[in-house]
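Dumping the structure here so I can ask a few things about it.
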Amino acid sequence: MESILKPLRDGESVLDLSPRSTVSGGVEDVYGEDHATEDQLITPWNFSVASGYSLLRDPQYNKGLAFTEKERDAHYLRGLLPPTITSQQLQEKQLINNIRQYQVPLQKYIAMMELQEMNERLFYKLLVDNVEELLPIVYTPVVGEACQKYGSIFKRPQGLFISLKEKGKILEVLKNWPEKSIQVIVVTDGERILGLGDLGCQGMGIPVGKLALYTALGGVRPSACLPITIDVGTNNEKLLNDEFYIGLRQKRATGKEYSELLHEFMTAVKQNYGEKVLIQFEDFANHNAFELLAKYGTTHLVFNDDIQGTASVVLAGVVAALKLIGGSLADHTFLFLGAGEAGTGIAELIALEMSKRTKIPIEETRKKIWLVDSKGLIVSSRKDSLQHFKKPWAHEHEPVDSLLEAVKVIKPTVLVGSSGVGKTFTKEVIEALASINEKPLVMALSNPTSQAECTAEEAYQWSEGRAIFASGSPFDPIEYKGKVYYSGQANNAYIFPGFGLGLVISGAIRVHDDMLLAASEALAKLVTEENYKKGLIYPPFSDIRTISANIAADVAAKAYELGLATRLPRPQNLVKYAESCMYTPVYRNYR
């Protein structure tokens with residue numbers, strides 16, 4: 001990424017530590033919750049000690065029927081609850097049974113969001129203990145439908161909405177948020193939500209969902225997470241005419257008006273929360289995504305999950321898949337369908353890893369990677385008309401109009417879909433790929449499920465069971481000719497929670513490409529022989545907290561190595577330190 005973004009930064013590098021910024025601020029565990037042992041008493045602080053009816057309405061401290069007799073006396077809860085006392089485990093059992101009764105996935109999503117607003121620790125305990133079942137509910141693919149219908153299901157705000165109306169007052173808006181110690185912000189402008197396009201203000205479901213995963217999977221405290229939607233309007237006519245739409249009813253602001261609002265936001269965030277707050281850009285349109293990463297990458301701790309997170313998780317899958325498809329990374333030829341922020345980000349990180357392993361310049365390793373966009377294969381004859389992020393992939397070749405023709409002439413060993421367009425890996429494409437390779441690697445990454453380039457069943461059937469398949473959204477195991485095939489999910493949730501935790505625990509002040517490579521390598525190392533026997537190239541999500549701790553440790557180690565970490569001295573055992581910093585959602589006892 002650095003080599004592509006550096007020209008846009010006038011040659012400035014992340015490691016230069018721009019004089020336009022200074023190390024300051026940072027957050028701490030003010031009330032000692034993370035440093036307390038699970039059996040140590042804590043005080044349920046709000047602005048005052050929460051008690052009585054207000055305590056039952058405070059999601060951070062509410063335990064429902066799990067309050068003990070002593071706690072009911074001490075906090076004026078007598079008569080406000082039925083007399084029975086239950087355990088968190090029993091509450092969890094009741095809730096998962098209730099959620100499983102719903103037939104419509106969106107109903108399950110709403111039930112989970114209502115639980116989060118009522119009882120925070122129970123929500124995260126439920127999610128952590130049932131992660132493989134509930135991850136598709138709180139995030140992709142169901143969150144896509146939730147964003148589309150966000151105006152209709154909206155009940156109470158779960159983050160900050162910053163619109164053009166707040167221009168000149170963004171710092172004041174940030175101060176309105178009740179939590180002052182923020183470590184991670186996920187922000188979107190709603191222009192490119194998953195593969196669903198411009199959803200405007202209703203894209204808030206994405207930051208809310210991502211931060212729920214930061215806590216459940218990465219162990220970042222819920223109180224340290226802040227979801228933000230920047231509302232500059234929408235070009236979605238359906239939403240503009242929807243009486244339930246909750247955002248600005250105007251066309252999207254662009255150009256100077258847009259950039260000034262974003263700059264005020266970025267400045268205000270650093271002023272209010274300090275240098276070490278992580279700002280994760282989410283679902284911005286391609287042109288803005290690259291520009292924001294280039295502009296603020298040397299002055300802020302910024303991370304774009306669509307570009308960098310997706311690239312890191314896909315690279316991990318490719319590295320792990322080498323044990324199944326054979327050869328070294330440099331032995332393979334890659335063909336991408338989709339040359340947007342995800343596609344070019346993945347391609348660049350693969351080229352970077354290839355260069356690191358072979359000591360060949362990245363300009364040469366890029367030649368092993370080809371991209372197809374809506375106008376066909378990206379080749380040198382198109383260079384003058386290409387956007388800047390596509391130009392490094394314009395290689396010498398005759399023009400090729402279709403993906404099928406590109407497969408036939410490029411002869412890739414790995415086919416990656418990041419187009420956001422469903423059903424584009426046709427039977428002819430997969431058959432052509434399978435005719436070239438004994439074990440083709442097929443990665444259909446577009447979300448949600450309806451936008452996947454092909455399904456797991458199609459990949460296995462059309463390749464006669466020889467494909468190694470991974471996708472962005474989950475697919476159930478497939479039986480083909482008496483054999484059960486398991487497909488991996490190249491879900492960013494493998495990477496960003498642990499990656500963010502690594503930045504937080506090291507006090508990192510910038511994100512460098514080597515940290516992304518460290519995260520990829522850490523994830524790939526966690527795939528076991530048992531996983532490989534099933535054809536999986538990712539470890540099971542049931543181990544995600546352990547996975548996140550290992551990724552966090554490797555990312556933190558790289559931050560210390562690069563001189564970008566500020567939390568000193570460096571802990572001796574970073575894995576154990578990461579685990580000790582992780583939020584655990586078990587109930588605490590109140591004095």
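Note: hydrogens, waters and symmetry copies are ignored here, and every other heavy atom, side chains too, is used.
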Checklist entry - Using 30° and 60° as the class limits, which term best fits the ring planes of F161 and F154: parallel, tilted or perpendicular? => result perpendicular

Checklist outcome for this item: Residue pairs meeting ring-ring contact (aromatic ring centres under 6.0 Å, His included), one or both in residues 199-234, sequence neighbours left out, come to Y214-F496

Checklist outcome for this item: Applied to residues 134-150, the salt bridge (Lys or Arg N to Asp or Glu O under 4.0 Å) test, sequence neighbours excluded, yields E145-K149

Next on the checklist: Distance alone, cut at 3.5 Å: any donor-acceptor contact between the side chains of Y258 and D189?
Outcome noted: yes

Checklist entry - Any side-chain donor-acceptor pair under 3.5 Å between Y124 and Q116? => result yes

Item to check | Set of residues satisfying side-chain hydrogen bond (donor to acceptor under 3.5 Å, both in side chains) with respect to E172, sequence neighbours excluded | outcome: none

Checklist entry - So with a 6.0 Å cut-off around NZ of K251, is the heavy-atom count from everything else above 12? => result yes

Checklist entry - Given K155 and E114, is the salt bridge (charged side-chain N to carboxylate O under 4.0 Å, His left out) satisfied, shown in steps? => result CA-CA 9 Å; K155 292 182 180 178; E114 288 176 346; 2.3 Å; yes

Next on the checklist: Donor-acceptor check, side chain of E453 to backbone of T424, threshold 3.5 angstrom: yes or no?
Outcome noted: no

Checklist entry - What do the steps show when you test E264 against K169 for salt bridge (charged side-chain N to carboxylate O under 4.0 Å, His left out), and what is the final call? => result CA-CA 9 Å; E264 183 188 347; K169 299 180 286 187; over 6 Å; no

Checklist entry - Side chains of S312 and S520: is there a donor and an acceptor less than 3.5 Å apart? => result yes

Next on the checklist: So that I can tick it off, tell me whether E291 and K295 are bridged by a salt bridge, with the cut-off set at under 4.0 angstrom between side-chain N and carboxylate O.
Outcome noted: no

